[in-house]
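Read the structure below first, then the notes.
All of these numbers come straight from a predicted model, not from anything done at the bench. Computation of the quantities below employed the complete heavy-atom set of this structure, encompassing side-chain atoms and omitting hydrogens, waters and symmetry-equivalent molecules.
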Amino acid sequence: MNLMKSLKSNVLFYILITSPIFFYIVSLMGPVGDDLTYFTSSYPGSLWKGMMPIYSWWRPFDALLGHIIYLYPSLFPLINHLIVCAFHLTSTVIFYLIIRRLDFKQLEQNIATLFFYLTPSILGAIFDTDAINQTGALFFDLLGFYVFAFSRKGHVFGWLLLTFIAILFKENGITWFVITPLLAWTFDIRRKEIIKGLCWGVVMAIMYGVLRLSLPHSGAVNDEYFDFSLRNELKTLSKLITLVFVPTDNILFIHDHRLLLGLLSFVCSASLMFYLLIKARTQLLTRIPLMLLLLIFIALSPHLVTLFTVMHAYGVIPFTALLLAWALSNVRFTRMTWTVLSLFLLSCIEIDAHHTIEKYKSGQRMLSLSHQALELLGPEPVDSVFSITINGNYTKYSTFCANASDAFAWGNAVQNLTHYKWPKVWKDTTMNASPQSDEVYSVGLRAYKQGYCYVLIVTEDSVYIAPHLIKM
């Protein structure tokens with residue numbers, strides 16, 4: 001069959017020659033929400049301050065890119081998309097080089113590599129302009145593992161250096177000080193060096209902690225990190241299942257409220273997972289699957305104890321891809337195997353397509369709202385604006401289905417169009433009341449009394465100045 005022939009050939013070749021299409025699709029995604037407020041947009045603050053620890057972050061590469069964009073604002077968001085895609089593509093190449101050195105057949109290598117490259121789990125990171133930290137960290141972590149596992153000389157030093165660079169992209173890279181020697185041991189690579197590797201990893205993790213605490217730092221830890229309510233824990237569990245283990249079209253459940261189609265998506269993906277579990281049941285308690293599961297939770301541990309969002313699934317893709325390759329290596333490829341595999345691939349394609357369309361629509365909503373606001377403010381720069389964002393009944397899902405607040409980015413979407421030259425002051429508040437309500441009127445009137453030049457009302461699809469709030 002054609003699918004069999006395609007998957008048995010060198011899939012990396014097809015990935016590389018189609019990568020321009022991949023980049024073009026990603027480049028169509030407009031920034032929303034945190035994309036427009038984080039360091040990797042036009043960051044106007046002090047470069048030196050941004051290079052130091054802020055809040056719970058220490059991400060100097062993000063601050064450096066934000067400073068470059070501040071100097072050359074026309075680069076945003078294209079340069080962000082280019083860097084994110086470059087990191088993901090090169091990570092895919094490194095993953096392929098790694099899995100080729102392991103005890104898997106060509107078909108299993110290709111399916112795992114294709115899964116790594118196009119699984120729906122990547123979308124929460126790949127489409128966001130602020131995901132340079134996620135993709136950069138995984139790139140250097142994977143490169144560090146490759147050096148540790150397969151280099152003849154300097155493998156420990158090279159691994160430690162590359163992993164430290166990964167941490168400067170994003171803090172969860174620190175888990176690879178433990179993951180790398182454990183992953184190597186899982187596949188019988190440098191088994192005699194596992195204790196040495198773990199010891200060096202712990203030493204480097206301590207050195208990182210000491211260095212970070214020694215540097216000037218500012219800000220407070222995000223309050224969301226301390227939400228241990230039952231509701232939040234159940235949300236985390238559901239995201240863990242549908243993002244990491246069984247790719248599912250969560251937009252159908254959460255935003256579209258089309259439960260039957262959502263269940264169909266889940267069943268198509270789960271059919272392969274259950275089939276593989278049944279076929280490989282006698283091998284489930286062996287070293288490789290148990291270690292890969294452990295590594296998934298180690299990689300996710302910084303997020304599971306703080307805040308686990310859609311984009312954080314990106315960091316565990318290598319382990320789920322390896323787990324898929326291992327499971328496939330324990331089954332015989334019959335007609336039934338190809339059937340459930342085809343259902344799984346079709347489900348992933350549907351999820352990728354649906355999320356891509358919704359993300360694109362959110363970016364277009366950002367452009368529409370920001371251009372409407374810019375026209376209302378007039379051709380001449382104004383000093384200050386107060387906006388009241390009405391979220392209404394729109395159900396958001398991550399950054400794929402952005403509500404008015406995220407699409408308008410609390411005014412940052414407009415300031416991005418003016419390259420942050422004006423207005424100098426923009427204050428936004430989010431309300432669930434009707435735009436014509438007394439509550440909205442009271443807030444708007446108070447803003448005028450405080451000296452704001454304009455008060456804008458922002459809804460899901462329009463921006464206007466309410467007649468009763470026009471400043472006389």
Side-chain angles (χ1 to χ4, degrees), residues 23-24 26-90 125-137 139-140 164-171 173 212 215-219 311 363 366-367 369-371 373-374 377-385 387 399 406-428:
F23 169 69
Y24 174 72
V26 172
S27 70
L28 296 176
M29 306 301 145
V32 296
D34 290 345
D35 290 339
L36 291 160
T37 62
Y38 183 60
F39 288 152
T40 47
S41 60
S42 183
Y43 182 63
S46 164
L47 175 61
W48 174 250
K49 181 180 179 181
M51 298 285 281
M52 295 296 107
I54 299 178
Y55 306 110
S56 56
W57 315 320
W58 182 23
R59 302 170 187 174
F61 293 112
D62 284 357
L64 180 60
L65 176 63
H67 184 70
I68 293 172
I69 294 173
Y70 178 70
L71 297 176
Y72 306 99
S74 60
L75 295 175
F76 181 81
L78 189 61
I79 189 174
N80 302 61
H81 288 314
L82 179 62
I83 294 172
V84 167
C85 286
F87 274 139
H88 182 60
L89 182 62
T90 49
I126 295 300
F127 285 159
D128 288 355
T129 59
D130 67 347
I132 292 167
N133 50 59
Q134 289 275 2
T135 53
F139 166 75
F140 282 101
F164 191 84
I165 295 173
I167 302 172
L168 297 181
F169 272 92
K170 188 156 188 176
E171 299 76 18
R212 178 165 172 172
L215 292 171
H217 55 276
S218 59
M311 72 183 311
M366 177 276 296
L367 289 174
L369 293 176
S370 57
H371 280 290
L374 204 57
L377 297 177
E380 297 298 324
V382 299
D383 291 332
S384 59
V385 177
S387 56
T399 59
D406 285 343
F408 198 61
W410 313 281
N412 287 276
V414 183
Q415 290 178 297
N416 176 62
L417 291 180
T418 68
H419 295 162
Y420 286 85
K421 293 179 180 178
W422 65 274
K424 297 297 182 183
V425 177
W426 193 302
K427 175 72 174 179
D428 178 89

Hey, could you give me the [atom1]/[atom2] distance between [X] and [Y], rounded to the nearest 0.5 Å?
X    : Y    : atom1 : atom2 : result
H371 : L369 : NE2   : CG    : 10.5 Å
T129 : I83  : OG1   : CD1   : 11.0 Å
W422 : S384 : CH2   : OG    : 12.0 Å
L47  : M52  : CG    : CE    : 9.5 Å
T37  : N416 : OG1   : CG    : 11.5 Å
I126 : M311 : CD1   : CE    : 9.5 Å

Residue pairs, two or more places apart or on separate chains, that pass side chain to side chain donor-acceptor pair (under 3.5 Å) and touch residues 71-89: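 Residue pairs with at least one partner in residues 71-89: H88-Y314.
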If you draw a 6.0 Å radius around OH in Y70, do more than 12 non-hydrogen atoms from other residues or ligands fall strictly inside?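 No, not enclosed.
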Partner residues of [X] under the ring pair (Phe, Tyr, Trp, His ring centres under 6.0 Å) criterion, sequence neighbours left out:
X    : answer
W426 : F408
F169 : F61, F87, F140
W410 : none

Heavy-atom donor-acceptor pair, W58 side chain to M51 backbone, under 3.5 Å: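 Side chain of W58 to backbone of M51: a pair is present.
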Judged by atom type as modelled, is there a donor-acceptor pair below 3.5 Å linking the side chain of K424 to the main-chain atoms of K421?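 Yes; at least one donor-acceptor contact below 3.5 Å.
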Counterpart residues, side chain to side chain donor-acceptor pair (under 3.5 Å), relative to Y38 (two or more places apart):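 If we apply the side chain to side chain donor-acceptor pair (under 3.5 Å) test to Y38, skipping adjacent residues, the hits are R59, D62.
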What are the two closest heavy atoms between [X] and [Y], and how far apart are they?
X    : Y    : value
G173 : I167 : C-CG1, 3.7 Å
A137 : A166 : O-CB, 3.4 Å
V414 : A373 : CG2-CB, 3.7 Å
A131 : A125 : CB-O, 2.8 Å
G33  : A409 : O-CB, 4.0 Å
P77  : P31  : CG-CD, 4.0 Å

Do the side-chain N and O atoms of D35 and T399 include a donor-acceptor pair separated by under 3.5 angstrom?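 The answer is no; no qualifying pair exists.
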Minimum side-chain heavy-atom gap L377-V385 below 4.5 Å: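 SC-SC contact between L377 and V385 confirmed.
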Could you list the residues that satisfy salt bridge (charged side-chain N to carboxylate O under 4.0 Å, His left out) with D130, not counting sequence neighbours?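 Checked D130 against salt bridge (charged side-chain N to carboxylate O under 4.0 Å, His left out); zero matches.
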Before you tell me yes or no, could you show the steps for I69 and S41 under side chain to side chain contact (heavy atoms under 4.5 Å, CB included), namely the whole-Å CA-CA distance, both residues' side-chain angles and the distance that decides it to 0.1 Å? CA-CA 7 Å; I69 294 173; S41 60; 5.9 Å; no
Report the C-alpha separation of F139 and I165 in whole Å, then their side-chain angles, then the decisive distance to 0.1 Å, and conclude whether the side chain to side chain contact (heavy atoms under 4.5 Å, CB included) test is met. CA-CA 10 Å; F139 166 75; I165 295 173; over 6 Å; no
Does the side chain to side chain contact (heavy atoms under 4.5 Å, CB included) test come out yes or no for T40 and N133, once each step is laid out? CA-CA 9 Å; T40 47; N133 50 59; 5.7 Å; no
